[in-house]
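All values below were derived from every heavy atom in this structure, side-chain atoms included, with hydrogens, water molecules and symmetry-related copies excluded. Atoms within a ligand are numbered from 1 in the order they appear, just like the ligands themselves. For reference, positions follow the sequence shown, starting with 1. Here the structure is a predicted model, which means the values were calculated and not measured.
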Amino acid sequence: MAQTSLQLTPVPASAQSQPGLFHFDDKTVIVSKSKKLYKEADLFNDLLRQFYGYRLSLSTHPEKLPAHVNKIILQDNPAIQEEDAYELRVDDHSIQISSGNSAGIFYGLQTLLQLLPPEKLTACDIAGILIKDKPRFTYRGMHLDVARHFSSVAFVKKYIDYLAMHKYNNFHWHLTDDQGWRIEIKKYPLLTSVGGCRAQTLVGRYGSDLYDNTPYCGFYTQEQIKEVVAYATARHVNVIPEIEMPGHAMAALASYPYLGCTKGPYKTFETWGVIEDVFCAGNDSTFQFLEDVLTEVMALFPSKYIHIGGDECPKERWKHCVQCQKRIKDNHLKDEFALQSYFIQRIEKFINQKGRSIIGWDEILEGGLAPNATVMSWRGESGGIEAAKQKHNVIMTPGEWCYIDHSQSLNEDSVTIGGYLPLEKVYGYEPIPASLQPGEMHYILGAQANLWTEYITNPSKIEYMIFPRMSALSEVLWSPKESRNWEGFEERIPQLMKRYKLWGANYSNAYYDLQAKVVPLPKDKIGWSLSTKSKNDKIIVANSESQATATIYTEPVEIKKSGFWQAALQDENKKIVSNWVKQQFLLNKASGKPVVLTYPPSAKYAGSGGFTLVDGVVNTMGMSKSSQFLGFNGSDMEAIVDLGADTDFQTINLHAFAQPDSWIYPATEVIFYKSEDGVSFTQLATVSLPDARRNHIFQCNQAGKARYIKIKALAMKLIPSGMAGAGYRPWIFFDEIEIN
Ligand code: ACM
Ligand code: ZN
């Protein structure tokens, strides 16, 4: 049997078919001589009952069972020493699962669960097989933010089940943030009574300035925390609590204003983003508070690792705080970055004294890494690479591949934080950066997918965001690199989706999406190209607002005038089985014309190069489809449009986009030029819109006649302090040049 036809995710390290056919039904008995493995059998039974409606009986005395009884035999095998490794052998009348550790037995049983049908059947035949399996990485993580939106204990347990069924072994629980403090701390009750609530929540996207006027509260009692930790531990999942510091601390500051530099007043934050108010690093009572909190946290969580955050801490308050400045002076620190390093190192020392280790986001590299810290690399791979080169352990979670709060569909119909992370991209992630030397690779412990919940308010949406992407990442983390194969994974997607249904879980169908793309056609024409991975459905397309006129799609349609096009998937019975994908085109004198870019856009937001600026698509709708923008980071934008012949024009519009919380800022200045020969240019106008948000237009109203139009948009050199991304280079984003 070819391995890819085995419907197991993650794919095991090795699997060979064997003679034999095991009949599995409710008469099957689980056998173990080791009482300790009963626990694993019980957990298997819990899932079996949940998905198939029955449990199997257990026996410690296989010799007393009649010969015809089919058995699942769990056994200690000291020869299989590696953590989490197991063997699973299916014969005619027995399934043997063996390992030197109970986690291995647990994982063998999870594999067995996937050998059962993806529908609720009471019996099935399992073909003979010998699986020898072990993980590639020791750290296989999933994160959940419960601060922005709270998840119930019941759902957190379900989330842990999902982790365990995919052989993840770490749950990173993001318990505190600006928008809510979610863990009871006995010594500081206001953390949950005040910090556990916000008065209201932003409605819609960041920057909307609309609020729901509804208090939002929630926290876990220490008893509940213990219950979740015990639940996870039984399932071989370690729970890593995250207590954010020095930034993302507004909920704590609202509860105890003495913890901030200005002493308040503060309130639990009601919108998203990065806030200047952070823990005061100069006041010893801040450290007393954090040590008290961490003492209670460490008593609740047996995890070796305690996550202390460390990300996105603006330095503005520290710059103007007498106590913080005194701390800098007394400790001969270079600047506020060194003060952040002092902060983290002081906390690390405390945590190390208790026999634990810290994890921090990659900002903890700034100003010098704490001696024993593990770095979680989120702003790309570079923090992880840097930390590994400094001989520190690393957990990779770069946004581009691991932020599953980003949308997985280009046809997304609900609000997400932005970005586009399709299934295939997650599957293609390689946690060991290519630039590491062989002696540095072992510092990469593994990787993790992060789920931030600003725009994720309920369990169903969480499931929609994690499935199927967490299944894809499980294979990155567990399976041997050489057996990872996208086509093999694709073959398993239909059955994975059946299994999510069997689990009662929501999931995203984005893999089958109707994919629409605006493409250049010969002779400076614009086309709309459509495709789908669905084998059974046909694409239909219509060029007006009337869907009734739709015809079967065969090749890219030429866009000849402004207006709507729309397309959908139709099944064999001519029933529409997808959303209608709509595209509005705004044709003008620049549409389809050749464009030369002086500076390349960032590879992440490269669209279709210069064509993206003249493809007839203006992003005035609420959803940002990043493929329809060009994004530049660290350079200006300069584009020259060749109109082909001398052309009269009245106005020139540069359509742009800004989202400061994502470090995308408006251009400081846009300069418009014209030219007869493409060599010597005359300036037409200079336009600036310093406070622009989201979609905005730089407009030149200087009429004229020319063959070439040049537009130069200047970016800020560095983001000023006090703004999101301070000290970094800003992004600038553009979607269209419109010449009328
Ligand atoms: C992060 O996403 N701010 C770690
Ligand atoms: Zn201070």
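Only protein N, O or S atoms were considered, and those under 2.8 Å from the Zn ion (ligand 2) are Cys261 SG, Cys280 SG, Cys321 SG, Cys324 SG.
Close approach of ligand 1 to Tyr403 is summarised as follows: ligand atoms under 4.0 Å from at least one heavy atom of the residue are 1 (C), 2 (O), 4 (C). Each of the following atoms of ligand 1 lies closer than 4.0 Å to a heavy atom of Asp311: 1 (C), 3 (N), 4 (C). Heavy-atom proximity to Trp452, at under 4.0 Å, picks out these atoms of ligand 1: 1 (C), 2 (O), 4 (C).
In this structure, Phe343 and Val278 have side chains that are not in contact, with every pair of non-hydrogen atoms separated by 4.5 Å or more.
Where the criterion is an N or O separation shorter than 3.5 Å, residue side chain and backbone included, Trp378 fails it with respect to ligand 1. For ligand 1, the polar-atom distance check against Glu312 finds a nitrogen or oxygen pair separated by under 3.5 Å. For ligand 1, none of its N or O atoms has an N or O atom of His248 under 3.5 Å away.
The 12-atom threshold is not exceeded at NZ of Lys349, counting heavy atoms of other residues, nucleotides or ligands nearer than 6.0 Å. Atom NZ of Lys267 has 12 or fewer neighbouring heavy atoms from other residues, nucleotides or ligands inside a 6.0 Å radius. Within a 6.0 Å radius of NZ in Lys389, more than 12 heavy atoms belonging to other residues, nucleotides or ligands are found.
The existence of a salt bridge linking Asp284 and Arg346 is confirmed by a sub-4.0 Å separation between a basic side-chain nitrogen and an acidic carboxylate oxygen.
Not less than 6.0 angstrom separates the ring centroid of Phe219 from the ring centroid of Phe150. Ring centroids of His307 and Trp173 are separated by 6.0 Å or more, keeping the two rings apart.
Residue Glu381 holds its CD atom at 9.0 Å from CD of Glu430, rounded to the nearest 0.5 Å.
The sulfur atoms (SG) of Cys280 and Cys261 lie 2.5 Å or more from each other.
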